[in-house]
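Each remark here refers to the structure printed beneath this line.
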There are 2 protein chains.
Amino acid sequence: MERTNVPNATINRIPLYLRSLQEIKDRNRQIISSHELAELVGVQPAQLRKDLSYLGEFGTRGVGYEVEHLEFQLARRLGLTREWSIAVIGAGRIGSALLYYKGFKERNLAIRAILDIDEKKIGKKVGSLIIQDMRDLERVVREENIDVGIITTPAASAQGVADQLLKAGVKAILNFAPVFINVPEGVVLRHVDLAVELQILTFFLRRHSLMEEKMDEEEVY
Amino acid sequence: MERTNVPNATINRIPLYLRSLQEIKDRNRQIISSHELAELVGVQPAQLRKDLSYLGEFGTRGVGYEVEHLEFQLARRLGLTREWSIAVIGAGRIGSALLYYKGFKERNLAIRAILDIDEKKIGKKVGSLIIQDMRDLERVVREENIDVGIITTPAASAQGVADQLLKAGVKAILNFAPVFINVPEGVVLRHVDLAVELQILTFFLRRHSLMEEKMDEEEVY
DNA sequence: CTCTGTGAATATATTCACAGCA
DNA sequence: TGCTGTGAATATATTCACAGAG
């Protein structure tokens, strides 16, 4: 029943389903149909049902899905029924903002440490954490049982930081630095680049304004 | 030559190609092969060549791509040869962090305004901008010619803010609030959820640790 | 010869449409 | 009857493999 070949596209959507389910649960809703949940997430109902079918059978035909049950199942599949310890590398504005981000704690994602190389930052407090010296990374990873490293350094330092994280025993990396980093086979790695998202937006904006110009021209004839 | 049917997957990667090209240009590199650029971006060479082929013919057979020329062409296709004006809605930690983010200015993405509804924040300075009252949104959008709105409010406010942005004349929205928002046909919309990325990571982490447990069991027999 | 550009082949992902169960 | 679960059909995306330009 725990299938192994879950498509990538499905994995990317499970957190979205979970997010909506949590919201629905907070409104004391008991049962929800694929149609309604899909609407909240912004996908097609068939898409949602197929995605869920890769994980198991959670619904009741003719009825729908029990909100709390489905929520638990998805959380379990995402590994959120245990807590994960996270270290943020880079105590800049984005790194600091992540410390305060509520969406993490709610999902058993606990930021346990923040580190930097800048002497001026080391020792200062961010939220409830003290910024630690990057030279102490191995000790921090060991003591805090760090599972995941989040890199929020400048691009030039990112690959080096990733190497240090892996050497210290971290098994997964979320990279916010605007550069591609290489890791050995088996390490879990994802990239987030805030400027990239905006550029995809401007691609479509440009296309729109070109189309409008085109239409204006045609009106002349 | 300016083809219209660029696949979505390709559009998502163009900013990554551009990012690497800018880095390469800064190192005074003149020519680069598809193989080398692909390596920097983390894709297959054939993927890169096919992606570029949807936009035009930029290389020289037997030689490679002229870095500066390709960079300009990709920037143009992403609409980055003109400046875009951006307003950030929500002067929380993430909204503020975005104001200081260098990756935007470098790419002609200019944050021109930041707004909030919180009386305590309005009037305060963030970087070089003064936090404005959300009630003045229409005026701000008009005066600053805002093209893009970035939503960094709590989930509960996001849909309302999106509606106000569109009413004020904004044509594209980047939503950081952890909720799906609905917009009419033709509006450009993208979602970024920081917690979602971490959850995809923990999905794979869990899978890894399950596999290791499995292997341990097998060793017993 | 080298490296791009691209049809053709393959692999993934989405949507349809309906069988099957409550 | 109503809604899930899922094969089959369709649409997208990636990779292969080679023709073609310098």
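Every chain is numbered from 1 and lettered A, B, ... according to where its sequence line falls, protein lines coming before strand lines.
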Without decimals, in angstroms, what is the distance between [X] [atom1] and [N] [atom2]?
| X | N | atom1 | atom2 | value |
| --- | --- | --- | --- | --- |
| B/Lys50 | D/dA17 | NZ | P | 14 Å |
| A/Ile31 | D/dT4 | CD1 | C1' | 13 Å |
| A/Leu70 | D/dG5 | CG | C1' | 14 Å |
| A/Asn12 | D/dT12 | CG | C1' | 16 Å |
| B/Tyr54 | D/dT15 | OH | P | 12 Å |
| B/Asp51 | D/dT14 | CG | P | 7 Å |
| B/Arg61 | D/dG22 | CZ | P | 8 Å |
| A/Leu52 | D/dC3 | CG | P | 16 Å |

Could you walk me through whether B/Val161 and B/Leu165 pass the side chain to side chain contact (heavy atoms under 4.5 Å, CB included) test, one step at a time? CA-CA 6 Å; B/Val161 166; B/Leu165 281 167; 4.0 Å; yes
When you check the phosphate oxygens OP1 and OP2 of [N], does a side-chain N or O of [X] lie under 4.0 Å from one of them?
| X | N | value |
| --- | --- | --- |
| A/Gln44 | C/dT14 | no |
| A/Ser34 | D/dC3 | no |
| A/Tyr65 | D/dG5 | yes |

Would you mind checking if B/Glu23 and B/Arg19 are paired as a salt bridge, meaning a charged N to carboxylate O distance below 4.0 Å?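 Salt bridge between B/Arg19 and B/Glu23, a charged N being under 4.0 Å from a carboxylate O: no.
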Atom CD1 of A/Ile117 with >12 non-hydrogen neighbours under 6.0 angstrom: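 For A/Ile117, atom CD1 is not crowded (no more than 12 foreign heavy atoms under 6.0 Å).
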Give a yes or no answer on whether the side chain of B/Glu71 reaches the backbone of B/Val67 with a donor-acceptor pair at less than 3.5 Å.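 Checking the backbone N and O of B/Val67 against the side chain of B/Glu71, no donor-acceptor pair under 3.5 Å is found.
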Quick one: on DNA chain D, does A/Gly62 or B/Ala46 contact a more 5' nucleotide (nearest heavy atom)?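 Comparing both residues, the 5'-ward one is A/Gly62.
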Whichever of A/Arg49 and B/Asn8 has its nearest DNA chain D nucleotide further upstream toward 5':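 By nearest-heavy-atom nucleotide position, the 5'-most residue is A/Arg49.
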